[in-house]
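Lettering follows sequence order; numbering is per chain, from 1.
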Protein chains: 2
Amino acid sequence: MAETRWLNDEEQRTWRSFLLASRLLFERVERQLKQDADISFAYYEILTRLSEAPGRTMRMADLAAACVFDRSRLSHAIDRLVRDGWVRRVPCPSDTRGQLAELTDEGMEKVRQAAHDHVEQVRSLLLDRLTLDQRTALQEISEALATGIADMPKLISMGWPSR
Amino acid sequence: MAETRWLNDEEQRTWRSFLLASRLLFERVERQLKQDADISFAYYEILTRLSEAPGRTMRMADLAAACVFDRSRLSHAIDRLVRDGWVRRVPCPSDTRGQLAELTDEGMEKVRQAAHDHVEQVRSLLLDRLTLDQRTALQEISEALATGIADMPKLISMGWPSR
DNA sequence: AGCAGGTAGTTGAAATTTCAGCAGCTAATG
DNA sequence: CATTAGCTGCTGAAATTTCAACTACCTGCT
């Protein structure tokens with residue numbers, strides 16, 4: 001195995017500042033939602049996605065992909081949202097294996113109520129701190145990264161016995 | 001309370017693409033570390049910070065701040081790293097309350113071993129996908145965000161009884 | 001010295017996420 | 001049609017993180 005190609009200063013600084021900024025940002029977003037609306041960002045995001053979906057309904061797998069959850073995590077999370085009365089499970093008509101998660105009226109109300117302060121927070125932590133150029137740049141960068149990553153295989157298969 | 005100032009399309013797209021990209025990125029980084037080095041990114045980061053610190057040693061609170069962990073999370077995490085023999089706890093000489101986390105030789109070896117593939121992953125997921133201009137922009141944006149957030153109070157005190 | 005208020009780190013329990021594996025179903029192949 | 005590979009979602013247990021105290025100690029003030 002070759003020598004480790006360490007990051008140079010510029011590379012290091014880019015990666016670390018990105019890491020730091022994202023984490024500080026998400027930490028604040030989480031904290032604010034928990035404090036003002038008593039809901040975690042994970043749940044808030046699920047509810048939001050559903051609220052935007054046609055029929056307030058999504059297939060479990062699609063919802064998981066949208067939220068970048070694995071299936072198991074989503075499954076447990078939906079259990080809890082169902083328990084709280086914000087989501088309902090509906091069998092999928094076109095695929096017997098499938099389940100749809102449907103947002104209830106209570107769930108819809110919950111998102112609405114939580115959204116107000118959340119949006120303000122996103123503005124003050126992210127949008128208001130950047131120039132228009134920076135926002136554009138960030139968007140382009142993010143989209144490039146997301147596209148690139150989505151195209152890559154999830155697991156790097158290494159040295160597989162060749163048949 | 002005023003009407004919710006929803007994000008317009010451009011704002012929405014910036015925020016969501018940033019959200020998506022960061023999560024995909026961190027998800028891959030986590031997965032790779034787990035797969036190749038059998039360690040979570042959280043632990044890897046703790047070990048890394050310690051490996052760079054003078055004397056391979058840091059105060060708990062500083063380490064927590066560097067990793068954007070709360071104290072409790074760090075405390076539990078260090079428990080586990082101590083159990084695994086990668087970290088040692090040392091009382092702080094200057095402050096009786098304090099503790100120092102010290103990286104053991106085994107811990108150092110673990111970081112070294114994990115770092116190789118991790119660095120490659122950071123390159124292929126992030127650095128190699130951006131132009132030099134984009135890397136510069138991302139760095140500036142991240143630093144602006146991090147600075148801004150660090151300056152803000154953690155909790156928005158609302159409607160406090162005026163004395 | 002004695003006290004008030006803040007800081008450092010830990011603790012245990014509850015909540016959440018991860019992990020491995022499973023059962024049922026679909027779809028492609030021959 | 002039968003086979004088989006792959007997908008869908010769920011489950012339970014283990015690992016981790018969050019939450020709310022709590023102890024011990026430091027700092028500045030009187």
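Of the two residues contacting DNA chain C, namely B:Arg89 and A:Tyr43, the nearest-nucleotide position lying further toward the 5' end is that of B:Arg89. Along DNA chain D, the nucleotide nearest to A:Arg97 and the one nearest to A:His76 differ in position, and the one closer to the 5' end is contacted by A:Arg97. Heavy-atom nearest nucleotides on DNA chain D were determined for A:Gln99 and for B:Ser94, and the one closer to the 5' end corresponds to A:Gln99.
Checked by atom type and distance alone, the side chain of A:Arg23 pairs as donor or acceptor with a backbone atom of B:Cys67 at under 3.5 Å. Side chain of B:Thr104 to backbone of B:Trp86: a donor-acceptor contact under 3.5 angstrom is found. Using a distance-only test at 3.5 Å, with no hydrogens or angles considered, a donor-acceptor pair links the side chain of A:Ser51 to the main chain of A:Thr48. Between the side chain of A:Asp95 and the main chain of A:Arg97, a donor-acceptor pair closer than 3.5 Å is present.
Distance, A:Phe41 CZ to D:dT18 P: 15 Å, rounded to whole Å. Between the CG atom of A:Asp95 and the P atom of D:dG6 there is a distance of 17 Å, rounded to whole Å. For the pair B:Ile78 CD1 and C:dT11 P, the computed distance is 13 Å after rounding to whole Å. Straight-line distance from the CG atom of A:Leu100 to the P atom of D:dC10: 11 Å, rounded to whole Å. The distance between atom CD of B:Glu27 and atom P of C:dT17, rounded to the nearest whole Å, is 14 Å. To the nearest angstrom, C1' of C:dT10 lies 17 Å from CZ of B:Arg73. A:Glu102 places its CD atom 18 Å from the C1' atom of D:dG9, with the value rounded to the nearest Å. A straight line from CZ of B:Phe69 to P of D:dT16 spans 11 Å, rounded to a whole angstrom.
One finds no side-chain N or O of A:Arg71 lying less than 4.0 angstrom from the OP1 or OP2 phosphate oxygen of D:dT11. Of the side-chain N and O atoms in A:Ser40, none sit less than 4.0 angstrom from OP1 or OP2 of C:dT16.
A:Gln139 and B:Ser17 are not linked by any side-chain donor-acceptor pair at a separation below 3.5 angstrom, with hydrogens and angles left out of the test.
Residue contacts for B:Ser72: at a heavy-atom cut-off of 4.0 Å it reaches a base atom on one of the strands shown. Residue A:Arg59 is in sugar-phosphate contact alone, with no base atom involved, counting any heavy-atom pair closer than 4.0 Å across all strands shown.
Distance from the side chain of B:Asp70 is smallest for D:dT18 among the nucleotides C:dG9, C:dT18, D:dT18.
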